[in-house]
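The structure under discussion appears below in the form of structure tokens.
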Amino acid sequence: MSTLPDRHLLIVGAGLAGLRAAEGARGAGWSGPITIVGDEPHPPYDRPPLSKAALLSEEPPGVPVLRSSEVVEQLRVRHLSGVRVHGLDTEGRTVTTSAGELGYDALVIATGSATTTLPGLTGLPGVHVLRRYDDALAVRASLARSRRVVILGAGFIGSEIASAARARGIEVTVVEASGRPLERAVGPLAAALLMGLHADAGVRLLTRTTVSGVRTSERGVDEVELSTGETLTTDAVVLGIGARPATAWLAGSNVALDPRSGGVLCDRSLATSAPEVWAAGDVACVDGERSEHWTAAGEQGRVAGANAAGAGELFTSVPFAWSTWHGHRIQVVGETTAADEEEREPGFIVYRRDGIEVGAVGIDSPGPIARLRRALAAQAPSRIEPHTALAGGIAPARE
């Protein structure tokens, strides 16, 4: 469906999902102006390298831009950098920002997530989070001058930071509140294998443990006090305890949020409860589920932008994520919860539901993962069927 030339597409969020929304809209025939608003001073960039290559490089890494300036120029996209959003009026179709009000005819919400912090640690010298490019530079500089590091959280981000620290010869202790790290994401069998990679690399992992206090000096955090009574001496602390959807700016709007996760509720067309508003990326809660992985953000952005232009597509991408720990390639595909786990071969865990393979975790198993990913993708629909109700129960916005 073509769109009128003077219609304005506004994309709030200048990450992967936001950029792909612009590409999806142009690909589906959007000929009017497109504006991308981002609160960072950088052009849209890739986040996965921030917790991987950026921490290991000999020289300070440059911004890992997603597209060259020439490609962005060909998209005819206006990028407003360093601009914060404060509110949304879906009736007046305006977004309030630090640069003033911006009107729209169609809106894609792609504001991503904000890192979760702990009371008493925020803002202390030597305490870091890792979400943005500038965070990565700070963590990298801290690792370069540290002999001991404490990482809070044994999820994927915390584990990637632990891997980078061990590669530098740093003594690493990971503190995890749960009893079985990553079990909610991949189940107990795969979680045990993944945690074994840390043990083999010399990472000390403390489970069922929380931080009860810190001791600081002029240079920053010197010691971390644990709920077990132990005190850890450290040169730096990195928080990897998760992220929350960046939706505070939507307060008072009629965009419905998921009460459990805080994400923007949308169906598989990425349509929200508000007319002419779509959501994509970490902020989107699709049929009650959020994905914080790169592949989902990119595909959701493309589908949301295309549907703003009337394409009528569904987001049906097979969940896929990857990570690198201590030189091992980890890949996760499909559904890896509420299913039966089986180790088919060393380092390759298959998940079955009612006897049917629905997902897998592979450690250095790219071939089997790729084959299962193709098989799962072949089963998914890609278009909205006429006169068919959408799965999420949220009516799609109409042209």
Side-chain angles (χ1 to χ4, degrees), residues 9-26 33-86 95 97-100 102 107-117 123 128-144 157 160-161 164 238-240 243-249 279-284 292-302 304-305:
L9 173 61
L10 178 60
I11 301 167
V12 180
L16 173 65
L19 180 64
R20 290 290 284 140
E23 293 177 334
R26 289 294 187 217
I34 298 178
T35 301
I36 296 179
V37 177
D39 62 357
E40 294 188 68
H42 312 295
Y45 62 83
D46 210 9
R47 293 190 187 276
L50 302 184
S51 56
K52 300 178 179 69
L55 301 184
L56 294 170
S57 61
E58 292 296 327
E59 299 296 327
V63 179
V65 295
L66 287 162
R67 303 288 186 269
S68 68
S69 57
E70 293 79 11
V71 170
V72 175
E73 183 176 347
Q74 290 172 5
L75 280 174
R76 293 176 288 122
V77 170
R78 179 176 63 149
H79 175 215
L80 301 181
S81 60
V83 174
R84 294 185 176 275
V85 292
H86 301 305
V95 172
T97 78
S98 57
L102 297 173
L107 172 68
V108 175
I109 298 171
T111 40
S113 297
T115 50
T116 302
T117 58
H128 305 280
V129 296
L130 181 50
R131 184 70 185 173
R132 302 180 172 216
Y133 169 73
D134 294 335
D135 296 335
L137 294 184
V139 171
R140 181 182 175 280
S142 187
L143 293 181
I157 292 295
E160 288 174 359
I161 298 168
V238 186
L239 276 64
R244 63 189 185 280
T247 55
W249 66 285
D282 291 3
V283 77
E292 298 181 76
H293 299 306
W294 187 91
T295 50
E299 182 61 7
Q300 286 179 7
R302 187 196 65 78

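Just the heavy atoms: all of them, side chains too, but no hydrogens, waters or symmetry mates, feed the values below.
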In Å, rounded to the nearest 0.5 Å, how long is the span from CZ of Arg302 to CG of Leu19? 13.5 Å
With sequence neighbours left out, which residue pairs that include part of residues 72-83 fulfil the side chain to side chain donor-acceptor pair (under 3.5 Å) condition? Thr35-Arg78
Heavy atoms only: give me the nearest Tyr133-Pro64 pair and the separation to one decimal. CD1-CD, 4.1 Å
Minimum heavy-atom distance between Val283 and Ala246, given as atom pair plus value: CG2-O, 4.1 Å
Indicate the atoms forming the closest heavy-atom contact of Ala280 with Ala304, along with that distance. CB-CB, 4.1 Å
Does anything in residues 51-71 pair up under salt bridge (charged side-chain N to carboxylate O under 4.0 Å, His left out), and if so which pairs, sequence neighbours excluded? Glu23-Arg67, Lys52-Glu160
Contact summary for Ile34 and Ala25, nearest pair of heavy atoms: CD1-CB, 4.3 Å
With rounding to the nearest 0.5 Å, note down the distance linking CG in Leu80 to CG in Leu102. 6.5 Å
For Pro61, check side chain to side chain contact (heavy atoms under 4.5 Å, CB included) against everything at least two apart and list the hits. Ala54, Ser57, Leu137, Arg140
Separation between OG1 of Thr115 and CG of Leu239, rounded to the nearest 0.5 Å: 8.0 Å
Consider side-chain contact (heavy atoms from CB on, under 4.5 Å). Of Ile109, Val95, Val108, which one does Leu10 pass it with? Val95
Tell me whether Arg47 is salt-bridged to Asp282, with the criterion being a basic N under 4.0 Å from an acidic carboxylate O. no
Smallest separation among heavy atoms of Ile11 and Ala22, with atom names: CD1-N, 3.5 Å
Mind checking the CG-OG1 spacing from Asp39 to Thr111? Nearest 0.5 Å is all I need. 9.0 Å
Quick one: CZ on Arg20 to CD on Glu299, what's the gap to the nearest 0.5 Å? 7.0 Å
How many angstroms lie between atom CG of Asp134 and atom NE2 of His42, to the nearest 0.5 angstrom? 4.0 Å
Looking at Ser51 and Ile157, would you say the former's side chain and the latter's main chain have a donor-acceptor pair under 3.5 Å? no
Search all heavy atoms of Asp46 against all heavy atoms of Leu50 and return the closest pair with its distance. O-CG, 4.2 Å
